[in-house]
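Comments concern the structure below.
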Amino acid sequence: MSSIRDVAKEAGVGVGTVSRALNHTGYVSPSTRKKIEKAARKLEYTPNELARNLYRNRSGIVGLIVPDLDHPFFACLTRNIEMELYRQGYKTMICNAVGISDREREYLDMLERNMVDGIITGSHILDGEEYLKQKKPIVSIDRDFGSQIPIVGSDHRMGGKMAAELMIGSHCRKVLHISGVSPNIFANERHRMFQQVLEERQVEVLQFAMDWNTFHWDAHYRMAEEIFRKHPDIDGVFSGDLGAAACMNVALQKGMRIPEDICLVGFDATSITRMVYPCLTAIRQNVELLAEISVNTLLDQVEQRKNVPHRQILEVDIQRGGTTRAESEDIDL
């Protein structure tokens, strides 16, 4: 196996020049850089990534903490974050928290011990003080830890308003709102705005709260059965995608017509909304952009590229499906 000294000898330059060229850590003239790259290809030289990271005091690994990969939104988000980190030369270590705070704590310990260079967290289980004790790079998705930790999230307030307007446009009069509330998360604004807009229009809103960390289909399906048993006269449902799909399933089993008898609006617009018929109308988060900005915000801190803003909020839009009665409702996938 060729060494960096072999490359230097082949290119007729010093070892330090080869190191600067291959690691992009200093100026090397274009002509010299070409000679070095040609020599490295000829000798099939592979840099020692471990040694390079030790020299830079980095691991080349980023920790990603999500509540549960069984949830379609977090599965999609994880996929996009992993791909963006890989594109930028980092590997991803994934913590599937599944409602266990010790899992999150272990990853924070890894950050403290330099086993990961930073953490992107979308989990809301562990007490915020555990994060605030850290002095190394962390980016939060949707949860506000205060000014110390940058936040990236979607405009849930606008998402709640859009969902309410879809219900109003569909002439719903008794709407079920399924929410899962956790302290200090942006999603709470979605729930507040949805209820506020409908109540201002004299639309009755029934609240059904689920544990925020409930992500499994069976729990959502049991919830939907209970709802229709207690409130058979509802004509609208707003929920995360899983809850909306479960309510749609139960409503169809009961012989209800969609959207004539009941309208449904999901939130996230994950793939599950397009696996059902009719396609679920849903408020769509831009998961690709959410992942890209989260990664860049973290790496800007890790590599000290530039200061990062504390709060970055991304726009949402509507995936128009066939589960609402709003005028000019066309499926827009």
Side-chain angles (χ1 to χ4, degrees), residues 1-66 69 75-96 106-122 134-139 141 149-150 152 287-309 312:
M1 181 181 293
S2 300
S3 69
I4 192 170
R5 294 185 182 278
D6 297 327
V7 175
K9 183 178 180 181
E10 178 70 24
V13 298
V15 171
T17 305
V18 174
S19 177
R20 289 196 302 275
L22 297 181
N23 293 319
H24 305 284
T25 55
Y27 176 77
V28 178
S29 70
S31 60
T32 301
R33 186 180 297 277
K34 285 182 180 179
K35 286 197 300 183
I36 292 170
E37 291 173 349
K38 181 179 179 181
R41 287 194 298 271
K42 177 181 177 181
L43 298 174
E44 298 181 346
Y45 170 71
T46 302
N48 186 327
E49 188 172 345
L50 177 60
R52 184 168 60 189
N53 283 331
L54 286 172
Y55 174 76
R56 298 162 67 199
N57 195 29
R58 293 181 195 155
S59 67
I61 301 170
V62 168
L64 172 61
I65 304 174
V66 293
L69 284 171
C76 184
L77 181 65
T78 297
R79 177 179 181 270
N80 281 275
I81 287 176
E82 188 278 334
M83 289 193 302
E84 181 62 24
L85 281 168
Y86 185 83
R87 189 185 71 80
Q88 298 203 39
Y90 285 78
K91 303 299 188 293
T92 309
M93 185 175 292
I94 299 167
C95 171
N96 190 34
E106 286 177 13
Y107 272 66
L108 290 176
D109 289 344
M110 292 175 72
L111 179 61
E112 184 66 28
R113 289 180 283 145
N114 295 322
M115 296 176 68
V116 294
D117 296 328
I119 282 178
I120 299 172
T121 180
Q134 300 295 321
K135 303 300 181 185
K136 297 181 181 178
I138 297 174
V139 169
I141 296 176
I149 296 176
V152 181
V287 181
E288 293 82 4
L289 186 58
L290 189 63
E292 179 184 336
I293 291 178
S294 298
V295 168
N296 283 330
T297 300
L298 183 76
L299 297 187
D300 282 344
Q301 297 176 84
V302 170
E303 300 180 3
Q304 299 180 338
R305 299 190 294 211
K306 60 180 181 180
N307 292 329
V308 301
Q312 298 175 82

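It should be emphasised that the depicted structure is a prediction, and the values quoted were computed from it without experimental measurement. For the numbers below, each heavy atom of this structure counts, side chains included, while hydrogens, waters and symmetry mates do not.
- Annotation for S29 and Y27: closest pair CA-OH, 3.5 Å, computed over non-hydrogen atoms.
- Tested against I138, the residues L108, I65, L298 include a single side-chain contact (heavy atoms from CB on, under 4.5 Å) partner, L108.
- Closest non-hydrogen pair, I293 versus T297, comes out as O-OG1, 2.7 Å.
- Nearest approach of A21 to I36, heavy atoms of both residues: CB-CD1, 3.7 Å.
- For the pair V116/I61, a side-chain contact is recorded, criterion being any heavy-atom separation below 4.5 Å from C-beta on.
- Counting heavy atoms of neighbouring residues, nucleotides and ligands inside a 6.0 Å radius, atom NZ of K42 does not exceed 12 of them.
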side-chain contact (heavy atoms from CB on, under 4.5 Å) assessment of I141 paired with I81: CA-CA 12 Å; I141 296 176; I81 287 176; 4.1 Å; yes
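- One finds the CG atom of L64 at 7.0 Å from the OG1 atom of T92 (value rounded to the nearest 0.5 Å).
- Looking at D117, its side chain does come within 3.5 Å of a backbone N or O of G60 through a donor-acceptor pair.
- In this structure the side chain of Y90 never reaches within 4.5 angstrom of the side chain of V295, judged on heavy atoms.
- For the atom pair CG (L69) and SG (C95), the distance works out to 9.5 Å, reported to the nearest 0.5 Å.
- Note that CG of D300 and NZ of K306 are 5.0 Å apart. Values are rounded to the nearest 0.5 Å.
- T78 OG1 to I94 CD1: the interatomic distance, rounded to the nearest 0.5 Å, is 5.5 Å.
- Put simply, the side chain of N296 reaches to within 4.5 Å of the side chain of R305, judged on heavy atoms.
- Contact check for L85 versus E82: no side-chain heavy atoms found under the 4.5 Å cut-off.
- Taking CD from Q134 and CG from L111, the interatomic distance works out to 5.0 Å, rounded to the nearest 0.5 Å.
- Taking OG1 of T32 as the reference point, atom CD of E37 lies at 11.0 Å (rounded to 0.5 Å).
- Inter-residue side-chain proximity for M93 and M115 is flagged as unmet; no heavy-atom pair is nearer than 4.5 Å.
- In terms of heavy atoms, P150 sits closest to P309 at CB-O, 3.8 Å.
- In this structure, V287 and L77 approach most closely via the heavy-atom pair CG1-CA, 3.6 Å.
- You'll find the side chain of R79 reaches within 4.5 Å of the side chain of M83, heavy atoms only.
- Salt bridge status for E84 with R87: present, with a side-chain N to carboxylate O gap under 4.0 Å.
- Between the side chain of K136 and the backbone N or O of E112 there is at least one donor-acceptor pair closer than 3.5 Å.
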